[in-house]
*Asks:* 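The structure that follows is given in the form of structure tokens.
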2 protein chains.
Amino acid sequence: MAEKVTIATVAAYAQVSRQTVSNVLNSPHIVRDETRRRVEEAIATLGYRANQAARQMRTGRSHLLAVRIEPTRDGINGSVLDRFLHGMTFAAAAAGYRVMLYTADDDRDEIKTFDNLLASYDLDGFVLTGTDHGDVRTRWLAERDVPFVTFGRPWDAPERHSWVDVDNAAGTAQATRRLIETGHRRIAFVGWPAGSGVGDDRRDGWQRTMKAYDLDPTGLDRGAPDGIAQGADCARDLLTTPDPPTAFVCVSDSLALGALQAAGGRKAVTGFDDTPVAQAIGLTSVSQPLADAAARCIDLLIHHLDGAPTGTHQVLLQPSLVVRTTA
Amino acid sequence: MAEKVTIATVAAYAQVSRQTVSNVLNSPHIVRDETRRRVEEAIATLGYRANQAARQMRTGRSHLLAVRIEPTRDGINGSVLDRFLHGMTFAAAAAGYRVMLYTADDDRDEIKTFDNLLASYDLDGFVLTGTDHGDVRTRWLAERDVPFVTFGRPWDAPERHSWVDVDNAAGTAQATRRLIETGHRRIAFVGWPAGSGVGDDRRDGWQRTMKAYDLDPTGLDRGAPDGIAQGADCARDLLTTPDPPTAFVCVSDSLALGALQAAGGRKAVTGFDDTPVAQAIGLTSVSQPLADAAARCIDLLIHHLDGAPTGTHQVLLQPSLVVRTTA
DNA sequence: GTGCATTATTGGATCGTTCAAGTTGCAGGG
DNA sequence: CCCTGCAACTTGAACGATCCAATAATGCAC
């Protein structure tokens with residue numbers, strides 16, 4: 001490999017001082033046009049690229065963002081994070097930032113990792129996914145003025161930090177509406193147990209839509225932890241009631257798959273997340289605009305970093321229903 | 001946040017020089033026991049963590065590894081990369097390294113990214129996934145003596161760099177053997193078109209096992225691009241032959257799912273990769289030890305970085321058959 | 001008590017960049 | 001003619017760690 005090209009090499013080549021080269025890169029407007037062009041030419045000729053470590057040491061900015069990669073909880077939802085990560089990496093690169101991964105066993109462990117990453121790598125910011133009620137991580141970061149954006153609303157105090165989220169309720173509402181429009185009247189909801197922000201939001205969308213069409217949702221609501229077997233159980237339970245449902249709006253593709261199996265394909269079913277499983281078996285599912293969400297997260301975070309650090313921003317994106325064969 | 005803790009702060013607190021603190025961290029054996037303990041105590045008390053940027057500037061080592069994140073080609077295989085990334089991040093963190101992501105449109109673009117990352121971030125090494133015949137990326141890296149490890153064999157000259165791979169042939173062999181042992185004699189292979197390293201390897205495992213049991217594989221071999229519809233087509237085609245197969249060994253879960261649908265569940269089917277789809281629908285599939293593979297990649301790479309840079313190492317891991325309901 | 005080898009510690013230089021302060025050259029006002 | 005003001009550029013110092021060479025402390029034999 002050729003010997004290292006530093007700012008001094010460029011300066012010597014363009015016959016200016018190091019600082020002038022630095023100014024061309026960071027504050028071009030204070031350099032005379034002719035000088036600026038000469039320096040830019042030298043940079044191009046020598047193939048100079050600024051050394052991030054040296055820059056970081058002086059400025060305290062690493063141009064590194066971090067995001068947690070989870071151990072694919074139950075498998076079926078793994079590809080969601082996958083697509084999100086790709087979107088993040090792509091958007092970050094376009095803005096001159098890079099994405100670093102970290103793992104953590106739980107929230108407490110994650111905070112310890114924050115501390116480590118900030119102290120030894122001088123990370124510029126974090127993107128958190130999957131927030132929940134009373135999230136300790138956001139509090140820790142906010143108290144230390146560490147820039148961060150969450151993908152997922154803070155369910156307690158929505159205005160305290162920047163976030164990007166998908167309008168979950170609108171997703172289930174759309175699914176419910178379609179079922180109603182295709183003739184269904186008894187539409188059940190197979191969700192998670194009450195208490196999770198996302199789950200309750202999705203339940204809301206179904207419930208409100210039912211009421212908007214003068215349909216009574218009473219007795220058509222079930223809750224279970226995520227899983228195929230659980231979905232099947234809920235569906236079977238609902239099918240044995242006096243006036244059984246003809247369609248199931250499910251909070252996840254896992255539960256939807258279970259419901260589909262229990263109903264033997266004779267009932268309409270919709271899932272949520274548009275996972276590969278849904279694509280594979282033809283399950284109608286609500287699709288989140290993940291690449292878009294990731295890009296908006298990066299936008300907000302970099303806005304915090306580069307621009308004015310005042311104020312927070314919130315972005316709510318609309319999901320879309322991918323209609324396949326099950327509804 | 002408290003004011004910054006540098007090596008000088010620690011030195012002052014422990015009443016030694018900066019160099020002694022540095023020695024405690026980098027060459028503990030040359031420091032007297034009592035001094036070392038005092039310094040370690042100071043480090044713990046003050047919560048000192050070495051600044052990576054400063055260290056990197058002096059040593060030229062960033063403790064950063066990079067891996068490419070792909071845009072989830074066809075969806076169904078997305079979670080494979082997901083699990084691999086998690087394994088990498090975990091193993092790297094244990095060894096004091098961090099994982100950085102990057103995207104690329106194609107191999108040429110990826111090389112440009114290598115160049116950028118090396119010049120501005122001083123990356124220590126790369127992990128490449130999905131190598132193929134005549135890979136230009138490995139050549140580029142090797143020519144510049146950039147440390148790297150591939151997950152996937154180099155199909156041309158297996159000994160030129162370090163790699164980790166899964167014994168694909170052993171996987172399909174195991175699947176084939178199980179089918180034979182459960183009474184099947186006419187076992188077909190639904191693979192990819194000849195020419196891909198991985199695909200041919202998996203085909204080999206099936207073929208060799210058939211012959212080892214004195215079964216004739218002639219006419220039982222099909223090839224198609226990955227996809228559910230393609231899998232169904234191949235299976236239907238095979239089922240219309242004079243002496244149709246009773247079982248299908250498939251090169252991927254996508255093709256297996258298609259075969260399963262075409263056979264109407266009356267034939268035995270095995271897939272490959274143990275994706276969420278396989279888990280969801282009960283498909284028997286060959287599972288790759290991804291966390292293990294990722295850890296071995298990191299091990300090899302760090303061995304290159306920390307230890308003697310001489311010689312290359314190869315690791316071939318054994319997959320396992322996850323038996324479910326379809327075979 | 002001196003000399004010598006061994007080990008532990010010290011101060012200074014250095015990596016590549018940016019910040020803060022300083023220099024130069026030139027135009028215009030009194 | 002001097003001073004001020006401004007623009008364009010240059011110089012020295014600093015960020016926080018490690019490396020290098022020099023010094024101080026220790027142990028041991030004679």
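Here is how names work: the chains are called A, B, and so on, in the same order as the sequence lines, proteins then strands, and each is numbered from 1.
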*Asks:* Below 4.0 angstrom, which residues in residues 22-33 of chain A have at least one non-hydrogen atom near DNA chain C?
*Replies:* A:Ser22, A:Asn26
*Asks:* Can A:Glu41 and A:Arg37 be counted as an ion pair, charged N to O under 4.0 angstrom?
*Replies:*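 Salt bridge: no.
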*Asks:* Is the shortest side-chain N to carboxylate O distance from A:Arg36 to A:Asp33 below 4.0 Å?
*Replies:* yes
*Asks:* How long is the line joining CZ of B:Arg18 and C1' of D:dA21, in whole Å?
*Replies:*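 In whole Å, D:dA21 C1' lies 14 Å from B:Arg18 CZ.
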*Asks:* Considering only heavy atoms, which members of residues 34-61 of chain B lie under 4.0 Å from some atom of DNA chain C?
*Replies:* B:Thr35, B:Met57, B:Arg58
*Asks:* Looking at every non-hydrogen atom in both residues, tell me the closest pair between B:Thr103 and A:Phe90 and how far apart they are.
*Replies:* OG1-CD1, 3.9 Å
*Asks:* Short of 4.0 Å, heavy atom to strand atom, which residues of residues 6-17 of chain A count as contacting DNA chain C?
*Replies:*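 A:Thr6, A:Ile7 - these, ordered by number, are the residues of the stretch whose heavy atoms sit under 4.0 Å from the strand.
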*Asks:* How long is the straight-line distance from OG1 of A:Thr20 back to CG of A:Leu25, given to the nearest 0.5 Å?
*Replies:* 11.0 Å
*Asks:* From C:dG16, D:dT11, D:dC20, pick the nucleotide closest to the side chain of B:Gln19?
*Replies:*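 Selected nucleotide: D:dC20.
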*Asks:* Parallel, tilted or perpendicular, judged at 30° and 60°: which one describes the rings of A:Phe148 and A:His161?
*Replies:*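 Judged by the thresholds at 30° and 60°, the geometry between A:Phe148 and A:His161 is tilted.
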*Asks:* Run the salt bridge (Lys or Arg N to Asp or Glu O under 4.0 Å) test on A:Arg137 and A:Asp135 for me, step by step, so that the C-alpha distance in whole Å, both residues' side-chain angles and the decisive distance to 0.1 Å come before the verdict.
*Replies:* CA-CA 6 Å; A:Arg137 304 169 301 161; A:Asp135 205 303; 2.8 Å; yes
*Asks:* Can you classify the ring geometry of A:Tyr102 versus A:Phe126 as parallel (below 30°), tilted (30 to 60°) or perpendicular (above 60°)?
*Replies:* perpendicular
*Asks:* Hey, are A:Asp156 and A:Arg139 close enough for a salt bridge, meaning a charged N less than 4.0 Å from a carboxylate O?
*Replies:*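 No, no charged N to carboxylate O under 4.0 Å.
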*Asks:* A:Trp140 vs A:Phe114 aromatic rings, parallel, tilted or perpendicular, using cut-offs 30° and 60°?
*Replies:*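 If you compare the ring of A:Trp140 with that of A:Phe114, the planes turn out tilted.
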*Asks:* Going through the checks in order, is the salt bridge (Lys or Arg N to Asp or Glu O under 4.0 Å) test met by A:Asp306 and A:Arg61?
*Replies:* CA-CA 10 Å; A:Asp306 290 343; A:Arg61 297 272 304 274; 3.1 Å; yes
*Asks:* In whole angstrom, give the distance that lies between atom NZ of B:Lys4 and atom P of D:dA14.
*Replies:* 15 Å
